[in-house]
Amino acid sequence: MKIESNLIRRQEYVDRILEAGHRKKVALITGGRGSGKSFLLRLVREALHAACVPSARIIQMNPQKYNGVDDFLDALPSDAGFSGQKVYFLLDDVHKIDGWSELLEMLYKKYNCIIYAVLGEPLNSDLRADSWFDGHCVEIEMFPLSLKEFVAFHGYQIYRKPVYNAAYPEKDSGCKERKQKASSKRPRDRYTIYDGNGLKITEEVLLKQYFEYGGFPQVLSCSYDVLSLRTEHEGIFSSILFMDILGRKDRRQLSNPEILKAVSQMLAVSIGENISDTQITKRLNDYCGTTCAIQTVQAYIRALEDSKMFYPVKRYDIRNCKELSTLGKRYMVDTGLWNYICSNILIQNTESEKEANIEYNKLLENSVYFELGRRGYEVYNGMLRNHNITFVAIKGDVKKYFQVIGIADDEELEIALKSLRAIRDNFEKFVILNKREKEITKDGIHLVNSLDFLLGE
């Protein structure tokens with residue numbers, strides 16, 4: 001059974017935006033193309049109506065229809081008509097009017113109001129540092145659908161099964177035969193899952209479907225044949241390249257769509273890798289036979305990051321508690337878009353089970369990164385001497401460490417545990433892997449099932 005996209009309420013985002021507006025008066029909805037920003041503005045309007053706000057005090061306008069700030073202000077009703085009552089502005093694509101930040105400030109000063117605005121461009125550092133902007137605006141970044149939303153969208157039914165909770169055999173727990181015996185008792189699937197057609201599927205099939213289809217709401221509204229999926233993803237990909245990057249007036253120096261496409265492919269193939277811009281440039285020139293300078297490639301990389309197709313993640317020195325400026329990673333906004341971009345490079349050439357597992361684990365790591373972002377964490381890749389930690393997630397005074405290993409054997413699990421044990425502080429530590437009951441090792445490291453984590457269990 002297909003659930004129409006207009007029934008996906010995205011209530012967590014609606015609640016955050018309404019709360020942010022009441023707290024700071026201006027709530028900016030940001031995020032990449034296709035993440036559902038404009039639709040969210042509709043949901044905010046519905047929420048205001050549900051809260052008994054009269055329609056006359058909800059002013060929804062599209063700033064791009066007006067020739068500048070003055071023209072926009074002239075089209076607004078007089079504030080006297082509201083008798084001092086609070087009004088609510090809903091502005092889609094506010095960035096398309098010159099001087100949009102000044103417009104928000106003028107509206108705030110002229111009206112007793114709360115402003116909800118969709119912003120389709122990145123906030124620059126100068127604007128973030130502006131005292132008025134910093135004091136009155138809050139950014140809510142949208143991502144494509146989470147796994148939990150994906151499941152709700154399709155009407156999947158998930159039931160938790162009673163399973164045998166096997167204790168994790170610690171490294172010193174005994175002979176090899178005893179470890180193998182304990183390992184053989186681990187549960188295979190923790191859930192009984194039925195897809196939207198009532199067919200029973202496994203945990204890994206559910207995750208593979210999520211990775212293949214992705215979370216763009218408009219893509220999930222189409223029929224799930226290969227051609228339809230490719231057509232929808234191609235539309236989003238082309239719009240990002242030609243409208244959000246090459247079509248912008250401030251990016252006229254970026255004029256070669258073939259190089260831009262090739263750079264996006266190189267970044268997609270390299271998600272989850274510690275890789276420098278120099279290495280990306282070398283791969284690009286080797287693969288395409290070009291002679292691009294690193295400065296040119298960097299300009300295209302920054303444009304793809306500004307468009308929110310790729311998210312750069314800095315490394316974090318765990319011992320000295322500071323960011324590092326070199327060899328970060330990048331993750332892609334949507335795994336379905338990743339499949340579209342990489343299909344002719346990677347997936348068709350993936351022959352062995354080992355190679356398939358590597359790609360699966362990369363996409364799981366990608367999804368965990370965005371799930372941590374949805375939960376409000378600042379996310380880094382951790383480094384401690386010769387140990388690499390997949391993610392260091394920080395929210396206020398809370399810090400958590402994650403190793404994402406997905407499909408892994410006992411040897412790979414031991415390596416992940418060894419890296420976490422090298423961290424000497426008392427913050428929580430997690431290993432996210434497939435097909436495992438929730439467990440805690442003797443030294444307090446949580447072993448978490450991949451599906452449990454992505455569903456928020």
Side-chain angles (χ1 to χ4, degrees), residues 3-66 72-73 75-77 79 81-82 85-97 100-101 103-123 127 133 135-146 148-150 152-153 215-218 220-221 308 333 370 373-376:
I3 298 179
E4 295 299 325
S5 61
N6 59 8
L7 297 180
I8 301 301
R9 311 311 301 173
R10 310 208 78 174
Q11 193 60 45
E12 291 181 7
Y13 280 111
V14 173
D15 292 342
R16 287 173 60 195
I17 290 164
L18 292 174
E19 187 276 333
H22 284 288
R23 177 165 48 90
K24 285 247 184 169
K25 305 303 183 184
V26 180
L28 294 176
I29 306 169
T30 65
R33 179 177 289 271
S35 58
K37 300 186 296 297
S38 296
F39 181 70
L40 187 63
L41 208 60
R42 290 170 50 192
L43 296 180
V44 170
R45 184 184 181 94
E46 290 181 15
L48 293 174
H49 282 305
C52 299
V53 177
S55 297
R57 292 199 282 122
I58 302 174
I59 303 174
Q60 187 161 7
M61 301 175 70
N62 192 336
Q64 64 180 310
K65 295 181 179 180
Y66 301 92
F72 182 91
L73 293 174
L76 290 173
D79 57 339
F82 301 111
Q85 297 182 76
K86 189 177 298 261
V87 294
Y88 299 83
F89 287 101
L90 278 64
L91 308 178
D92 199 0
D93 288 337
V94 69
H95 63 284
K96 291 185 178 180
I97 189 169
W100 65 265
S101 59
L103 171 64
L104 298 183
E105 185 173 356
M106 290 178 185
L107 291 176
Y108 176 83
K109 291 178 178 178
K110 182 177 180 180
Y111 293 88
N112 173 21
C113 67
I114 294 177
I115 303 169
Y116 305 102
V118 170
L119 182 66
E121 65 179 25
L123 289 170
L127 195 56
F133 195 90
H136 298 88
C137 300
V138 61
E139 178 184 7
I140 305 295
E141 183 166 14
M142 284 199 72
F143 301 110
L145 300 182
S146 66
K148 184 184 290 187
E149 291 172 316
F150 178 90
F153 187 97
F216 286 131
Q218 70 186 70
L220 299 183
S221 299
K308 302 292 186 178
V333 67
F370 284 102
R374 290 185 188 96
R375 298 178 190 182

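Numbering starts at 1 and runs along the sequence shown. Keep in mind that this is a model prediction, so the values were computed, not measured.
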| Residues in side chain to side chain contact (heavy atoms under 4.5 Å, CB included) contact with Arg16, at least two apart in sequence or another chain | Tyr13, Ile140

| request: Test Lys86 against Tyr88 for side chain to side chain contact (heavy atoms under 4.5 Å, CB included), laying out the working first. | output: CA-CA 7 Å; Lys86 189 177 298 261; Tyr88 299 83; 3.6 Å; yes

| field | Counterpart residues, side-chain hydrogen bond (donor to acceptor under 3.5 Å, both in side chains), relative to Asn112 (two or more places apart) | value | none

| query | What distance do Leu41 atom CG and Leu90 atom CG have between them, rounded to the nearest 0.5 Å? | reply | 4.0 Å

| said: Are Leu91 and Ile115 packed together at the side-chain level, in the sense that at least one heavy-atom pair is separated by less than 4.5 angstrom? | reply: yes

| task | Taking ring-ring contact (aromatic ring centres under 6.0 Å, His included) as the test, write out the residues that go with Phe370, two or more places apart. | result | Phe143, Tyr311

| Straight-line distance of Leu18 CG to Tyr116 OH, nearest 0.5 Å | 4.5 Å

| For Asp93, all residues meeting side-chain hydrogen bond (donor to acceptor under 3.5 Å, both in side chains), sequence neighbours excluded | none

| message | The criterion is side chain to side chain contact (heavy atoms under 4.5 Å, CB included); which residues satisfy it with Lys37, sequence neighbours excluded? | response | Ile29, Ser35, Val118, Met142

| What distance separates Ile97 CD1 from Met61 CE, expressed to the nearest 0.5 Å? | 8.5 Å

| field | Side chain His136, main chain Lys24, donor-acceptor under 3.5 Å | value | no

| request: Sequence neighbours left out, what passes side-chain hydrogen bond (donor to acceptor under 3.5 Å, both in side chains) with Ser101? Give chain and number order. | output: none

| task | Taking side chain to side chain contact (heavy atoms under 4.5 Å, CB included) as the test, write out the residues that go with Asp15, two or more places apart. | result | Gln11

| note | Residues at least two apart in sequence or cross-chain that pass salt bridge (charged side-chain N to carboxylate O under 4.0 Å, His left out) with Lys308, listed by chain then number, are Glu141

| side chain to side chain contact (heavy atoms under 4.5 Å, CB included) evaluation trace for Leu76 with Phe89 | CA-CA 11 Å; Leu76 290 173; Phe89 287 101; 3.8 Å; yes

| said: Looking at every heavy atom in both Gly21 and Ala27, which two are closest together, and how far apart are they? | reply: N-CB, 4.1 Å

| What distance do Leu43 atom CG and Leu48 atom CG have between them, rounded to the nearest 0.5 Å? | 11.0 Å

| After noting the C-alpha distance and the side-chain angles of Leu28 and Leu104, does the key distance pass the side chain to side chain contact (heavy atoms under 4.5 Å, CB included) rule? | CA-CA 10 Å; Leu28 294 176; Leu104 298 183; 3.9 Å; yes

| note | Nearest heavy-atom contact between Cys113 and Lys25 is O-CD, 4.1 Å

| Separation between CG of Leu107 and CG of Leu73, rounded to the nearest 0.5 Å | 6.0 Å

| note | Those residues at least two apart in sequence (or on a different chain) that pass ring-ring contact (aromatic ring centres under 6.0 Å, His included) with His22 are none

| query | How would you list, by chain and number, every residue that makes a ring-ring contact (aromatic ring centres under 6.0 Å, His included) with Tyr66, sequence neighbours excluded? | reply | Phe72

| From CD (Gln218) to CZ (Arg33), nearest 0.5 Å | 9.0 Å

| query | So, are Glu46 and Arg42 salt-bridged, with charged N and O less than 4.0 Å apart? | reply | no

| message | The criterion is side chain to side chain contact (heavy atoms under 4.5 Å, CB included); which residues satisfy it with Glu139, sequence neighbours excluded? | response | Thr30, Leu123, Arg128

| request: Determine the minimum heavy-atom distance between Ser55 and His49, stating which atoms define it. | output: OG-CE1, 3.0 Å

| Residues Trp100 and Glu121: side-chain donor-acceptor under 3.5 angstrom | yes

| task | Search all heavy atoms of Gly34 against all heavy atoms of Phe216 and return the closest pair with its distance. | result | O-CD2, 3.2 Å

| message | My understanding is that only residues two or more places apart in sequence, or in another chain, count here; which of them pass side-chain hydrogen bond (donor to acceptor under 3.5 Å, both in side chains) with Glu12? | response | none

